[in-house]
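First up is the structure itself, then whatever we jot down about it.
So you know, we letter chains A, B, ... as the sequences are listed, proteins then strands, and number each from 1.
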Amino acid sequence: MNHADLLERTHYCTEITHLEPGTTIRVAGWVRKRRDLGNLVFIDLYDRSGILQVVFDPVRNPDLVVLAQEMKRESVLTVEGTISMRPDEAVNQSMKTGRIELIASRVKLHSTSRVPPFHLIGDQEVNEELRLKYRYLDLRRSEMFRILSVRHQTYQVVRKFYSDNGFIEVTTPHLIRSTPEGARDFLVPSRLYPGRCYALPQSPQILKQILMIGGVDRYFQIVKCFRDEDSRADRQPEFSQIDVEMSFVTRDTLFRIHEELMAVVYREVLGIEIQTPFPRMTYSDALVDYGSDKPDIRFDLKLRDATDVLAGSGYQLTEDAIRNGGGVRGVVYPGGAGLSRKQIGDLERIVRSRGPGGLITFKTGDGGELTGSPLGKHLEPERRLQLVQRFDARPGDLICLAAGGFEETAWALGDLRLEIARRGNMTGDSLKFLWVIDFPLFEYVPQESRYQAMHHPFTAPLAQDENLLDSNPALCRAQAYDLVLNGVELGGGSVRIFREDLQCRIFKALGLTKQEAENRFGFFLEALRYGTPPHCGIAFGMDRLIMMLAGTDNLRDVIAFPKTLQAACLLTNAPSPATSEQMKMLGLKSLIENSGKKETT
RNA sequence: GGGGACGUAGUUCAGAUUGGUUAGAACGUCGGCCUGUCACGCCGAAGGUCGCGAGUUCGAGUCUCGUCGUCCCCGCCA
């Protein structure tokens, strides 16, 4: 019985548990599964809320049974029926609607479906390539809707929070002028100006600062950003940021506001209370203690320096490192003395990939004695004891040492520290927020023999380091900060430069001539001359924040239509070749014979 | 730009170390039976360019080279 007038639902499938048995309702959705017992037919109907069992009973409605028996998976229906309590023996405890069912009385079959190319139910892992190609089917899985829902709630909470705090959301353009430094730009060729291009924003950085000069005072935006760099599991070429800028406030006020933002988001979205204020750590301490600029402080495992203990041992690896101005640092692997040679080899590979020539490991015995490294032979009992004490190593632990320059050993041991914690399941389920502050203003690029801005070139130096700008830029620290959660960088920002003279000194330290600075940032330098308020800002990776909230480790899962690692969209087959007409209109000529790789179908 | 893993039925995977008859399983699909199922059950059937292309060989899913695609990492990502 196809009832043409049946379309709109009165309830979502699972939002009926409060209704009285006997109530007539209409639900609409997809056939997830059919169980045909010959005459009696059950259909699991689902919509975004979940599953409801619909009963087609030959006694009450024999015509409907025939229809139900032909119903394919993923067919689309509206069903009218009455809510009924299930017989006691037929109650399904594992379903939200397991105590009730819908006795169908009228049904409209809206559309049918081909057999889906992958299983929409069950725990079976599905090839992500297929999921992305048939994203609309993937999105029908309840887990995907849950994540979309978390994302939606986060957007609402964030917008309300800023609005309540006097921020206004301003939309900035996506077709902007390319400003060098930073990531590779996505370019959009101009038709009206053949040969010229717009760039898609890597972030609205300069525009939001100009909004401050424009007196907006408190700005925010949830905005798409584009960076033409290689992807990672936690990086997409196109991503969303919560972008913020505010005038006439200190860094501490910005911190307080955003601690509150995180608290509100976790409270409203997940019902979790988090503790504020967040601890702060300097970049320098982070590197020394954790070998990272985004330390995961859910566990301790601090790095320790053992240079003084080992100096003069006569062991070549460590002696060379110390002679070359480096040192020996290490981290302890609790209970790691039982590791096999192969397992230790895996650890060594992590260290080597960051630079140090090798990993020196000592197993701590019951009596505190050390075994397992040729370095041991070079150490007097006194020094061995010092080493054990330096690392607070207990019997059964493994002391892991790396020798080399400070930075390379720090980063290497930082990676090792994370691996040790991962293997030891040491992270628990806590949420550890952390501000990392006082980043270096510049980093040296050896290949180009010049400095480049670590954050971006509009970041203010620490006041007390300003005099280092000309004399020793490498030591100059910035008023830049990152917010880190459980070792994941959620966002970062800085106090900005608002004086033209200081901005010019920065450009000079970056090796830009007056002319070059004028060419690249002239409009911005001009703006700075017209009364710029002291201001600061921050930007959060919206997708990463949602990853954390949703508890997934794949950024693609929190984006409705993500790109692959090769920056392709498998659903739409973007990018696609431009037609010769399009190219001509834009004044472009391709150097590639067939406009690149073949398009897949 | 570099390194690594993977690609076999619609899906998830075996088969590859040792090249050799007709490439298997589960789920799904199709047909039949079944009135309380919910991983329904029972009986039966169909379904394969072993990603693609070369090469070695009497013979290649298996070995070699190339290529395409997906994932992971380094570089890169102010």
Side-chain angles (χ1 to χ4, degrees), chain A residues 32-45 51-60 62 65 69 72-73 84 86-95 97-98 101 103 114-134 137 179-185 202-203 205-206 225-237 239 349-350 352-355 411 415 439-443 445 447 451-459 478 480 489 492-494 506 510 539 541 553-554 556 563-566 568 570 573 597-601:
Chain A
R32 169 156 288 183
K33 191 120 201 179
R34 186 186 66 215
R35 289 177 295 279
D36 178 358
L37 273 60
N39 275 312
L40 182 65
V41 179
F42 299 97
I43 280 179
D44 285 342
L45 192 75
I51 297 178
L52 174 65
Q53 173 165 281
V54 181
V55 185
F56 295 83
D57 185 335
V59 177
R60 305 185 216 211
V65 172
Q69 280 171 330
K72 309 284 190 221
R73 283 158 62 202
S84 166
R86 294 193 189 188
D88 283 347
E89 65 278 11
V91 166
N92 185 338
Q93 299 288 0
S94 63
M95 279 175 77
T97 55
E101 58 196 4
I103 312 292
R114 287 188 176 187
V115 176
F118 56 88
H119 295 244
L120 296 179
I121 44 182
D123 308 328
Q124 200 167 66
E125 282 278 323
V126 179
N127 184 343
E128 196 168 3
E129 208 172 334
L130 263 188
R131 289 177 52 200
L132 292 178
K133 182 172 178 188
Y134 298 95
L137 295 177
T179 49
E181 293 258 356
R184 202 175 292 120
D185 282 323
Q202 299 174 25
S203 86
Q205 183 59 39
I206 291 182
C225 302
F226 307 86
R227 295 178 190 174
D228 191 4
E229 297 291 346
D230 290 350
S231 300
R232 285 287 188 283
D234 62 349
R235 244 161 53 192
Q236 283 268 306
F239 61 99
R349 233 184 320 281
I350 292 171
R352 278 179 184 269
S353 73
R354 283 288 195 168
W411 290 109
D415 285 357
F439 276 78
L441 187 59
F442 303 112
E443 57 191 341
V445 190
Q447 297 89 334
Y451 288 96
Q452 107 184 359
M454 193 158 182
H455 186 52
H456 58 56
F458 317 110
T459 301
E489 181 194 328
S494 61
I506 299 284
L510 288 171
D553 54 7
N554 179 346
R556 292 179 294 275
K563 307 232 174 350
T564 66
L565 278 190
Q566 303 304 318
L570 299 182
N573 274 323
K597 295 172 182 173
K598 79 176 173 73
E599 204 186 1
T600 49
T601 50

Length of the line joining A/Phe239:CZ and B/C76:C1', which is rounded to integer Å: 14 Å
Could a donor-acceptor pair under 3.5 angstrom be found where the side chain of A/Gln566 meets the base of B/U70? no
Partner residues of A/Arg227 under the side-chain hydrogen bond (donor to acceptor under 3.5 Å, both in side chains) criterion, sequence neighbours left out: none
I need the CZ-C1' distance between A/Arg35 and B/G28, as an integer number of Å. 16 Å
Base, sugar-phosphate, or nothing for A/Lys563, non-hydrogen atoms under 4.0 angstrom? nothing
Just by distance, do the side chain of A/Gln236 and the backbone of A/Leu565 share a donor-acceptor pair under 3.5 Å? no
When rounded to the nearest Å, what value does the distance between C1' atoms of B/A14 and B/A23 take? 10 Å
Could a donor-acceptor pair under 3.5 angstrom be found where the side chain of A/Arg32 meets the base of B/C38? no
Could you give the distance separating B/G55 and B/A60 at their P atoms, to the nearest angstrom? 12 Å
Using purine N1 to pyrimidine N3 plus N6-O4 or O6-N4 for Watson-Crick, or N1-O2 and O6-N3 for G-U wobble, both under 3.5 Å, which nucleotide pairs with B/G55? B/C63
Shortest side-chain distance from A/Leu37, nucleotide among B/G28, B/U12, B/C40: B/C40
So, do A/Phe42 and B/U37 meet the stacking rule of ring centres under 5.5 Å and planes under 30°? yes
Which nucleotide in B/A39, B/C27, B/G69 has an atom nearest any side-chain atom of A/His119: B/C27
Span that lies between the P atom of B/G47 and that of B/G7, in whole angstrom: 25 Å
Just call it for A/Gln53: base, sugar-phosphate, or nothing, with non-hydrogen atoms closer than 4.0 Å on any strand. base
Nearest-angstrom distance, C1' atom, B/C76 to B/G20: 49 Å
Quick one: does A/Glu101 reach the base of B/G36 with a side-chain donor-acceptor pair under 3.5 Å? yes
Of all residues at least two apart in sequence or in a different chain, which pass the side-chain hydrogen bond (donor to acceptor under 3.5 Å, both in side chains) check with A/Glu101? A/Gln53
A/Lys33: which residues meet the side-chain contact (heavy atoms from CB on, under 4.5 Å) condition with it, sequence neighbours left out? A/Arg35, A/Asp44, A/Ile121
Considering only atom C1', compute the distance from B/C40 to B/G28 and round it to an integer number of Å. 15 Å
Would you mind classifying the nucleic acid contact of A/Met95 as base, sugar-phosphate or nothing, using non-hydrogen atoms under 4.0 angstrom? base
Between the protein and nucleotides 24-26 of chain B, list the N/O to N/O atom pairs that are separated by less than 3.5 angstrom.
none

Quick one: which protein N/O atoms are closer than 3.5 Å to N/O atoms of nucleotides 5-8 of chain B? Pair and distance per line, please.
none

So what does A/Ser203 touch, heavy atoms closer than 4.0 Å: a base, only the sugar-phosphate, or nothing? base
Do side-chain atoms of A/Arg556 reach the backbone of A/Lys563 as a donor and acceptor pair under 3.5 angstrom? no
Spell out yes or no: do the side chain of A/Asp230 and the base of B/C76 have one donor N/O and one acceptor N/O closer than 3.5 Å? no
Kindly indicate whether the side chain of A/Arg86 and the base of B/C38 share any N or O donor-acceptor pair separated by less than 3.5 Å? yes
Spell out yes or no: do the side chain of A/Arg349 and the base of B/G4 have one donor N/O and one acceptor N/O closer than 3.5 Å? no
Taking any heavy-atom pair under 4.0 Å as a contact, classify A/Pro117: base, sugar-phosphate, or nothing. sugar-phosphate
Let's go through A/Leu441 and A/Thr459 carefully: what are the C-alpha distance in whole Å and the side-chain angles of both, what is the deciding distance for side-chain contact (heavy atoms from CB on, under 4.5 Å) to 0.1 Å, and is it a yes or a no? CA-CA 8 Å; A/Leu441 187 59; A/Thr459 301; 4.1 Å; yes
Euclidean distance for C1', B/G59 against B/C72 (whole angstrom): 37 Å
Would you measure the distance from the C1' atom in B/G4 across to the matching atom in B/U29 and give it in whole Å? 37 Å
A/Thr97 side chain to A/Ile51 main-chain N or O, any donor-acceptor pair under 3.5 Å? yes
Remember a base hit wins even if backbone is also touched, and classify A/Asp57 as base, sugar-phosphate or nothing at under 4.0 Å, heavy atoms. nothing
Donor-acceptor pair present, A/Arg227 side chain and B/C77 base, under 3.5 Å: no
What N/O pairs connect the protein and nucleotides 42-44 of chain B at under 3.5 Å? Give each pair on its own line.
none

Would you mind telling me which of B/C72, B/U11, B/G36 lies closest to the side-chain atoms of A/Leu130? B/U11
Using the C1' atoms only, state how far B/G69 lies from B/C30, rounded to an integer number of Å. 32 Å
